[in-house]
Amino acid sequence: MPRPALLRTPPEEPVLDVAVPVFNEEKDLEPNVRRLHAHLRDTFPYPFRITIADNASTDRTPAIAARLAAELAGVTSLRLAEKGRGRALRAAWSGSRAPVLAYLDVDLSTGLTALLPLVAPLISGHSDLAIGTRLAPGARVVRGTKREVISRCYNVLLRCTLAVGFSDAQCGFKAVRRETAERLLPLVRDGEWFFDTELLVLAERAGLRIHEVPVDWVDDPDSSVDLFATALADLRGIARMRRTLGRRRPGPVAR
């Protein structure tokens with residue numbers, strides 16, 4: 001059943017707040033935020049906001065973000081002194097009062113046509129979280145063999161070690177209801193790339209509803225992500241969660 005709280009949202013307040021975490025993205029930030037803004041303006045049936053969440057960039061990214069916020073209605077920017085995608089998302093989501101919170105990677109590797117199917121179950125109240133997946137039937141993915149193997153191995157490892165049921169932890173295309181985020185964020189310890197996985201594992205252990213949307217996804221060949229360092233950090237996060245969840249009784253999220 002739809003939750004009427006969303007229908008009572010004042011018309012000037014956004015129903016959806018899309019965070020775009022960025023670090024040294026002076027090349028892609030402006031064209032891709034303008035593209036995202038145009039897509040939401042032309043296709044999204046509710047008020048929206050785009051929050052550019054800069055985490056300690058050292059190039060022209062903060063200046064570009066501030067200019068976009070001044071020029072485009074519904075775009076805001078915030079700047080963190082410390083690097084970390086998870087920290088950027090925590091800051092953006094914690095400061096928002098929108099009923100539905102989302103994020104996507106600034107390279108827009110995921111097709112924007114999947115954005116409304118991603119957030120619709122959250123707006124209606126059908127689900128608590130939603131994720132884009134590149135590993136489910138119906139997804140269309142273009143990427144190199146190396147990234148494909150790493151992604152599949154990582155998700156197999158999650159199923160073997162933490163017994164997760166969701167198919168793709170790392171796709172940079174996710175959404176969550178605000179009240180769900182308010183309960184989960186205090187429990188998430190990671191502030192970097194493992195943030196997504198930790199959030200999803202905690203949500204699943206709490207019995208929350210996770211909706212999956214197969215997406216079209218095209219790899220960004222210029223991505224600056226250090227795959228080796230990220231993989232090591234993810235392995236440490238998995239080991240920490242395995243130790244912690246082995247001892248933890250059901251907590252306030254489940255209740």
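All values below were derived from every heavy atom in this structure, side-chain atoms included, with hydrogens, water molecules and symmetry-related copies excluded.
Looking only at distances, a side-chain donor or acceptor of R177 sits under 3.5 Å from a matching main-chain atom of L122. Not a single donor-acceptor pair under 3.5 Å links the side chain of D105 to the backbone N or O of D107. Using modelled atom types, one side-chain atom of S124 and one backbone atom of P121 make a donor-acceptor pair closer than 3.5 Å. When atom types are taken as modelled, the side chain of R242 and the backbone of G237 share no donor-acceptor pair closer than 3.5 angstrom.
When each of T76, V106, V75, V18 is tested with I52 by the rule side-chain contact (heavy atoms from CB on, under 4.5 Å), just one qualifies, namely V75.
K174 contributes atom NZ, which lies 8.5 Å from atom CG of L199 (distance to the nearest 0.5 angstrom). The distance from atom CG of N32 to atom CG of L108, rounded to the nearest 0.5 Å, is 4.0 Å. Interatomic distance, T161 OG1 to L157 CG, rounded to the nearest 0.5 Å: 4.5 Å. Summarising the geometry, atom CG belonging to L118 is positioned 11.0 Å from atom CD belonging to E212; distances are rounded to the nearest 0.5 Å. In this structure, OG in S94 is found 5.0 Å from CG in L185, a value given to the nearest 0.5 Å. From E148, atom CD reaches atom CG of D219 across 10.0 Å, with rounding to the nearest 0.5 Å.
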(request) Decide side-chain hydrogen bond (donor to acceptor under 3.5 Å, both in side chains) for T58 and N24; before the verdict, give the C-alpha distance in whole Å, the side-chain angles of both, and the deciding distance to 0.1 Å. (result) CA-CA 6 Å; T58 57; N24 288 351; 3.3 Å; yes

(message) side chain to side chain contact (heavy atoms under 4.5 Å, CB included), that's the test. Do R79 and N55 meet it? Break it down for me.
(response) CA-CA 6 Å; R79 178 163 168 76; N55 52 113; over 6 Å; no

(message) For H37 and F48: C-alpha separation, side-chain torsions, deciding distance, then whether ring-ring contact (aromatic ring centres under 6.0 Å, His included) applies.
(response) CA-CA 9 Å; H37 184 270; F48 66 88; 5.6 Å; yes

(request) Run the numbers on S151 and Q170 for side-chain hydrogen bond (donor to acceptor under 3.5 Å, both in side chains), then give the verdict. (result) CA-CA 8 Å; S151 177; Q170 292 179 311; 4.6 Å; no

(request) For T180 and L208, run side chain to side chain contact (heavy atoms under 4.5 Å, CB included): C-alpha distance rounded to whole Å, both residues' side-chain angles, the deciding distance at 0.1 Å, then the answer. (result) CA-CA 9 Å; T180 301; L208 299 178; 3.6 Å; yes

(message) Set out, in order, the CA-CA distance, both residues' side-chain angles and the distance that settles side chain to side chain contact (heavy atoms under 4.5 Å, CB included) for E26 and I64, then state yes or no.
(response) CA-CA 7 Å; E26 63 181 7; I64 296 171; 3.9 Å; yes

(message) Using side chain to side chain contact (heavy atoms under 4.5 Å, CB included), reason through R35 and L112 one step at a time and then give a plain yes or no.
(response) CA-CA 9 Å; R35 178 181 160 200; L112 292 178; 4.2 Å; yes

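Grouping the Ile, Leu, Val, Met, Phe, Trp and Tyr side chains by contacts below 4.5 angstrom, directly or via other members, places L162 apart from L135. There is no path of hydrophobic side-chain contacts, each under 4.5 Å, that joins V218 to V20.
In this structure the side chain of T113 never reaches within 4.5 angstrom of the side chain of V215, judged on heavy atoms. Residues F44 and L116 have side chains in contact (heavy-atom distance under 4.5 Å, counting atoms from C-beta outward). When side chains are defined from C-beta on, S77 does not count as touching L68, because their heavy atoms never get closer than 4.5 Å. Side-chain atoms of F195 and R85, non-hydrogen and from C-beta on, never get closer than 4.5 Å to each other. Considering only heavy atoms from C-beta on, R90 comes within 4.5 Å of V188 through its side chain. Residues D216 and V142 fail the side-chain proximity criterion, which asks for heavy atoms closer than 4.5 Å.
Across all non-hydrogen atoms, the minimal contact from G138 to P214 is C-CB, 3.8 Å. The shortest non-hydrogen separation linking A181 to V176 is N-CG2, 3.8 Å. Between D168 and C171 the shortest heavy-atom distance is OD1-N, 3.5 Å. When all heavy atoms of A169 and L200 are compared, the pair lying nearest together is CA-CD1, 4.0 Å.
Remark: F166 pairs with no residue by the ring-ring contact (aromatic ring centres under 6.0 Å, His included) rule, at least two apart or across chains. For S96, the side-chain contact (heavy atoms from CB on, under 4.5 Å) partners are D17, R49, A98, L101, not counting sequence neighbours. A search for side-chain hydrogen bond (donor to acceptor under 3.5 Å, both in side chains) contacts involving T61 returns D59, not counting sequence neighbours. By the side-chain hydrogen bond (donor to acceptor under 3.5 Å, both in side chains) test, R97 is found to be paired with E182, residues two or more places apart in sequence or in another chain being considered. Every residue two or more places apart in sequence or in another chain was checked for a side-chain hydrogen bond (donor to acceptor under 3.5 Å, both in side chains) with E192, and none qualifies. Not counting sequence neighbours, the partners of Y154 by the side-chain hydrogen bond (donor to acceptor under 3.5 Å, both in side chains) test are T197. Qualifying side-chain contact (heavy atoms from CB on, under 4.5 Å) partners for R159, counting only residues two or more places apart in sequence or in other chains: N155, V156, V164. Partners of H211 according to the ring-ring contact (aromatic ring centres under 6.0 Å, His included) rule, which considers only residues two or more places apart in sequence or in another chain, do not exist here. For R240, the side-chain contact (heavy atoms from CB on, under 4.5 Å) partners two or more places apart in sequence, or in a different chain, are R189, D190, F194, E198, R243, T244. Taking A19 as the reference, L89, A92, W93, Y103 meet the side-chain contact (heavy atoms from CB on, under 4.5 Å) condition, with sequence neighbours excluded.
Side-chain heavy-atom separations under 4.5 angstrom define the hydrophobic clusters, and the remaining members of the one that includes L80 are L78. V149 belongs to no hydrophobic cluster, as no Ile, Leu, Val, Met, Phe, Trp or Tyr side chain comes under 4.5 Å of its own.
Comment: E179 does not engage R183 in a salt bridge, judged by the lack of any side-chain N to carboxylate O separation of less than 4.0 angstrom. Between R34 and E71 there is a salt bridge, since at least one side-chain N of the basic residue sits less than 4.0 Å from a carboxylate O of the acidic one.
For R60, the CZ atom counts as loosely surrounded, since its 6.0 Å shell holds 12 or fewer non-hydrogen atoms of other residues, nucleotides or ligands.
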